[in-house]
Protein chains: 2
Amino acid sequence: MRLSTKGRYAVTAMMDIALHERVGPVTLADISQCQGISLSYLEQLFAKLRKGGLVEGVRGPGGGYRLALPADQISVADIIQSVDEKLDMTKCGGKGNCSQGEKCLTHQLWFELSCNLYRFLSGIKLDQYVNRPDISELVKQQDIQYGRFLNRPQANA
Amino acid sequence: MRLSTKGRYAVTAMMDIALHERVGPVTLADISQCQGISLSYLEQLFAKLRKGGLVEGVRGPGGGYRLALPADQISVADIIQSVDEKLDMTKCGGKGNCSQGEKCLTHQLWFELSCNLYRFLSGIKLDQYVNRPDISELVKQQDIQYGRFLNRPQANA
DNA sequence: TAATTCCTGACTAAATTAGTCAGGAATTAC
DNA sequence: GTAATTCCTGACTAATTTAGTCAGGAATTA
C-alpha cells in the first residue's frame, strides 16, 4: 500500500477538518499553521483529496475546505489511497504476471496482505476520533493557542 | 510504519530463503536472479537483516544465507522493521511532544494505528507460507526454470 | 472594488530508494 | 598451498519520491 509521511499529512489535515467542521469550512492557512505543514504542499495534497471526492472547496472570504461526505463515511484507507495512489502491494498490480507471465513466489503473500491491510484501515473512520473527550479537549486548547475561528467571517453554509 | 517496495524486497527475499532452506543456505546471487533484485542492493538489505538477527551468513562455496530463527518465529513486521527502521507512525516517535511540547491533535490516532498495524503484521509468520500446496508447487516450477540447486556443493550444515 | 481563499502549474531542494563499483575476509575444493 | 566461491563493507551515483517555493488566476464575500 505504501504508508509514509505523505499519508500522515493527509490524514492529519482531514482530521483537523473533521474536528472543526461544525464551525464552518476550514482554511488551508489554518491547517498549515496549526499542523506545521507548508501551505503549498497542502494545496497539492488537497487537489488530490478533492479529485478523490473526499473534500470540497469553498472559495472567497469565510471559505475553506469541507468534508464532501459525512465523517463516518471517510476512512483512513480512503485518504491514503487518494494521495498515495497505490493500495495494492503486489509487484504486478494484482494481475498475477509478476514473474515471466506467472504469479511470482510472493504474489499470494502481498495479495492477502493488501486485502487485510485495506480491510483494517478502511475500518477506521474519521468520526471515531471526533467525539472522543480526550481529543475534543485538545481541540479547545489548540483553538485558543492559535486564536482560531476568532473574528472570522461566516461563509454560506 | 512506512510500507514501501524496500520492505517488499526484504520480505520477498526472506520468503525465498524460508522456502528453500531445507536444501541448505541460499545465495544472494540466486535470489537476485530469481526475484529480479540487484545483487548489491540485496547485500545492503541483508546487512540490515543480519544486524536485526533474522539471518546468518555462511561464507565460502556452498554458502549463502540461512534464517537465524525458526520460520514460525519470524514475522513480516520483524522484517520490515529491520530494513525500514521505523515502526512508529507518530511524528514525535511516541514521546507525545509533537506540538509545542504537547501531544498533537492526531497523536492518539497514529499511536493506535501503529499498535494495530504492528499487531497485524507481527501475526504473519514466514512458515505460514512455506507449507502451502499452491506455493510449494510454484517453488518447484521456479527451481526448474532457474536450474536452482543443481550441481551445487553442499555447505556444512 | 478590494480582500480572501481556493486552485493550477512550473519549478527547486531534500530525502529516500535503488543500483554500481571496487575490494577485502572467510571458507571450501582441488 | 591456490583458486574459486560467497559473504561483507564502504563509497559512490542515479532515479524517484517527498516536500516546499513561487507566481499567478478564478470565485466569492464584504
Side-chain angles (χ1 to χ4, degrees), chain A residues 1-10 12-13 17 24-33 35-52 54-66 68 80 83-86 91 148-149 151-157, chain B residues 1-10 12-13 17 24-33 35-52 54-66 68 80 83-86 91 148-149 151-157:
Chain A
M1 160 171 280
R2 214 210 248 125
L3 242 44
S4 63
T5 50
K6 190 180 181 184
R8 187 175 63 205
Y9 273 13
T12 300
I17 293 179
V26 179
T27 69
L28 292 189
D30 266 351
I31 299 176
S32 170
Q33 199 197 348
Q35 307 294 348
I37 307 172
S38 112
L39 178 58
S40 299
Y41 193 45
L42 275 175
E43 282 176 339
Q44 285 177 44
L45 295 180
F46 271 77
K48 293 188 177 182
L49 291 171
R50 192 158 31 80
K51 277 172 196 158
L54 300 184
V55 294
E56 50 192 25
V58 181
R59 296 188 185 188
Y65 276 99
R66 263 199 304 250
I80 291 176
V83 298
D84 257 344
E85 283 112 40
K86 293 173 202 165
K91 200 177 179 181
R148 217 165 165 181
F149 303 116
N151 313 319
R152 278 199 80 211
Q154 288 297 316
N156 57 352
Chain B
M1 162 175 275
R2 218 213 246 122
L3 241 47
S4 63
T5 48
K6 190 179 179 183
R8 187 175 63 206
Y9 272 13
T12 300
I17 293 179
V26 179
T27 69
L28 292 189
D30 266 351
I31 298 176
S32 170
Q33 199 198 348
Q35 307 294 347
I37 307 171
S38 110
L39 178 58
S40 299
Y41 194 45
L42 276 175
E43 282 176 339
Q44 285 177 44
L45 295 181
F46 272 77
K48 293 187 177 181
L49 292 171
R50 192 157 34 78
K51 277 171 196 157
L54 300 184
V55 295
E56 51 190 25
V58 180
R59 295 189 186 188
Y65 276 99
R66 263 198 303 248
I80 291 176
V83 297
D84 257 342
E85 285 110 38
K86 293 172 202 166
K91 200 178 179 181
R148 216 164 162 180
F149 301 117
N151 312 319
R152 279 199 78 209
Q154 289 295 318
N156 57 350

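Chain identifiers are assigned alphabetically (A, B, ...) following the order of the sequence lines, protein sequences preceding nucleic acid strands; residue numbering begins at 1 within each chain.
The interatomic distance linking A/Leu28 (CG) with C/dC7 (P) rounds to 8 Å, in whole Å. Atom CG of A/Asp30 is separated from atom C1' of C/dT5 by 11 Å (rounded to the nearest Å). The distance between atom CG of A/Leu3 and atom C1' of C/dT16, rounded to the nearest whole Å, is 16 Å. Counting to the nearest Å, the P atom of D/dC7 and the NZ atom of B/Lys51 are 16 Å from each other. The separation between A/Leu45 atom CG and C/dC6 atom P is 14 Å, rounded to whole Å. Rounded to an integer number of Å, the gap from B/Leu42 CG to D/dC8 C1' is 14 Å. Here the C1' atom of nucleotide C/dA22 and the CD atom of B/Glu43 are 12 Å apart, to the nearest Å. Computed from coordinates, the A/Arg66 CZ to C/dT5 C1' distance equals 13 Å when rounded to whole Å.
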Pair B/Ile31-B/Phe46, side-chain contact (heavy atoms from CB on, under 4.5 Å): steps then yes or no | CA-CA 12 Å; B/Ile31 298 176; B/Phe46 272 77; 4.2 Å; yes
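Listed by chain and residue number, A/Arg66 satisfy the salt bridge (charged side-chain N to carboxylate O under 4.0 Å, His left out) test with A/Glu56 (two or more places apart in sequence, or in another chain). Residues satisfying the side-chain contact (heavy atoms from CB on, under 4.5 Å) criterion with B/Arg8, sequence neighbours excluded, are A/Lys91, A/Trp110, B/Thr5, B/Thr12. Applying the side-chain hydrogen bond (donor to acceptor under 3.5 Å, both in side chains) rule to A/Lys48 yields the partners A/Glu85; only residues at least two apart in sequence or on another chain are considered.
Here the side chains of B/Arg2 and A/Leu3 are not in contact, with every heavy-atom distance at 4.5 Å or above. Looking at A/Ser32 and A/Ile37, their side chains never come closer than 4.5 Å, going by heavy atoms from C-beta outward. Contact check for A/Ile17 versus A/Tyr65: side-chain heavy atoms found under the 4.5 Å cut-off. When side chains are defined from C-beta on, B/Leu45 counts as touching B/Lys6, because their heavy atoms get closer than 4.5 Å.
Remark: DNA chain C takes part in the stems C:1-30 with D:1-30, each of 3 or more antiparallel Watson-Crick or G-U pairs, criterion distances under 3.5 Å.
Close to C/dT8, at under 4.0 Å from its OP1 or OP2, lies a side-chain N or O of A/Arg50.
In this structure, A/Thr27 and A/Gly63 approach most closely via the heavy-atom pair CG2-O, 3.5 Å. In terms of heavy-atom proximity, B/Gly62 sits nearest to B/Pro25 at O-CG, 4.0 Å.
Nearer to the 5' terminus of DNA chain D, by closest-nucleotide assignment, is the contact made by B/Tyr65 (compared with the other of A/Leu39 and B/Tyr65).
Among the heavy atoms of the strands, none lies under 4.0 Å from B/Phe46.
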Quick tally for nucleotides 11-20 of chain D: nucleotides whose base has a protein heavy atom under 4.0 Å get B, sugar-phosphate-only ones S, the rest -, giving -------SBB
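With rounding to the nearest 0.5 angstrom, the CD atom of B/Gln44 is 7.5 Å from the OG atom of B/Ser38.
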Could you go through nucleotides 25-27 of chain D and list every protein N or O atom that sits under 3.5 Å from one of its N or O atoms, giving the distance for each pair?
residue	atom	partner	partner atom	Å
D/dA26	N3	A/Arg59	NH1	3.4
D/dA27	O4'	A/Arg59	NH1	2.8

